[in-house]
Amino acid sequence: MVRHVRPALVLLAAFSVLTGLIYPLALTGIAQIILPHQARGSVVVAQGRAVGSAQIGQDFTQARYVHPRPSATAGAPYNAAASGGSNLGPTSKALRDAVAARVAALKADNPDAVREGLPIPADLVTASASGLDPDLSPQAALFQVPRVARARNLPEGQVRVLVNRMTAQPLLGWLGEPRVNVLELNLALDRLQQR
């Protein structure tokens, strides 16, 4: 019996050290060298203090800010400790009711966009799979321009130009979709209004 137990314990210890210590430390070291900003949490700093992460959404609710995609995380919106989607499928009544309520709220909050006939983008009424999505489609950000411009007393054209400037294009021109980071856009709006 000892003949069988000893090799098993040696392998357990060896793989525990290899996969539990050496491998994570090696990957962390490589990430620190290749992608240091991302490896440190993609922390966004404004006026000398950390205001969030470029990789985790935040719940902006004031009219002067571009609102993010809905979050389905448990406990609170954009709760990184409880990442996850709602797991509601397209035939779910709960999902249909949630989307209908979000559409009604968007129409009430953005009457100028509705008057202009702008379609409501899907990413403004559906949560992402993680519930932490920090980005919006350019269309979702542009839909909110009339409200944001009115709340900030800025010309709509100036806010549209900023949204277009803040739109990140797909990697290598084809990998992914164009996107706007909500936190970075809202910080840029604050800087624009301070000028």
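Owing to the predicted nature of the structure, the values given are computational and were not obtained by experimental measurement.
- For the 3.5 Å distance criterion, the side chains of Arg40 and Gln32 qualify, holding a donor opposite an acceptor.
- When the side chain to side chain donor-acceptor pair (under 3.5 Å) test is applied to Arg152, the partners found at least two apart in sequence or on another chain are Asp190, Gln193.
- Looking at Ser53, its side chain does come within 3.5 Å of a backbone N or O of Gly41 through a donor-acceptor pair.
- Both Phe60 and Leu154 are assigned to one and the same hydrophobic cluster, defined by single-linkage of ILVMFWY side chains at heavy-atom distances under 4.5 Å.
- A pairwise comparison of heavy atoms in Val43 and Ala50 identifies CG1-CB, 3.6 Å as the closest pair.
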Ile120 and Arg102: CA distance, side-chain angles, deciding distance, side-chain contact (heavy atoms from CB on, under 4.5 Å) verdict: CA-CA 10 Å; Ile120 296 175; Arg102 290 172 185 153; over 6 Å; no

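- In this structure, Glu177 places its CD atom where only 12 or fewer heavy-atom neighbours from other residues, nucleotides or ligands lie under 6.0 Å away.
- Rounding to the nearest 0.5 Å gives a distance of 11.0 Å between CD1 of Ile22 and OG of Ser16.
- Under a hydrophobic clustering in which Ile, Leu, Val, Met, Phe, Trp and Tyr are joined whenever their side-chain heavy atoms come within less than 4.5 Å, directly or via other members, Leu185 and Ile56 fall into different clusters.
- Every residue two or more places apart in sequence or in another chain was checked for a side chain to side chain donor-acceptor pair (under 3.5 Å) with Asn79, and none qualifies.
- With hydrogens and angles disregarded, a donor-acceptor distance shorter than 3.5 Å links the side chain of Asn181 to the backbone of Glu184.
- The cluster map of Ile, Leu, Val, Met, Phe, Trp and Tyr, joined by side-chain heavy atoms under 4.5 Å apart, puts Leu136 and Val161 in different clusters.
- Linking ILVMFWY residues whenever their side-chain heavy atoms come closer than 4.5 Å, directly or via other members, leaves Tyr23 and Leu18 in distinct clusters.
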CA sep, side-chain torsions, deciding dist, call: Leu187, Leu183, side-chain contact (heavy atoms from CB on, under 4.5 Å): CA-CA 6 Å; Leu187 290 173; Leu183 173 60; 4.1 Å; yes

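- Side-chain contact between Val163 and Val145 is present, with heavy atoms from C-beta onward closer than 4.5 Å.
- No donor-acceptor pair under 3.5 Å is formed between the side chain of Arg179 and the backbone N or O of Thr167.
- Distance check: Leu192 CG to Asn186 CG gives 12.0 Å after rounding to the nearest 0.5 Å.
- No side-chain donor-acceptor contact under 3.5 Å links Ser71 to the backbone of Leu132.
- Remark: Gln58 CD to Tyr65 OH distance equals 10.5 Å, nearest 0.5 Å.
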Worked check of side-chain contact (heavy atoms from CB on, under 4.5 Å) between Val148 and Leu189: CA-CA 9 Å; Val148 172; Leu189 283 165; 3.8 Å; yes

Test log, rule side-chain contact (heavy atoms from CB on, under 4.5 Å), inputs His67 and Arg147: CA-CA 11 Å; His67 297 171; Arg147 171 183 44 82; 3.4 Å; yes

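- Checked by atom type and distance alone, the side chain of Asp123 pairs as donor or acceptor with a backbone atom of Ser137 at under 3.5 Å.
- Between Asp112 atom CG and Glu156 atom CD the span is 6.5 Å, to the nearest 0.5 Å.
- Atom CG of Asp109 is separated from atom CD of Gln144 by 9.0 Å, given to the nearest 0.5 angstrom.
- From Arg64, atom CZ reaches atom OG1 of Thr61 across 11.5 Å, with rounding to the nearest 0.5 Å.
- Taking the side chain as every heavy atom from C-beta outward, Leu142 and Asn164 approach each other to under 4.5 Å.
- Salt bridge Glu116/Arg160: present, at least one basic N to carboxylate O contact under 4.0 Å.
- In this structure a side-chain-to-backbone donor-acceptor pair under 3.5 Å is present from Thr73 to Ala76.
- The shortest heavy-atom contact between Pro111 and Ala108 is CD-O, 3.5 Å.
- Cluster membership check: Val103 shares its hydrophobic cluster with Phe143, using side-chain heavy-atom separations under 4.5 Å among Ile, Leu, Val, Met, Phe, Trp and Tyr.
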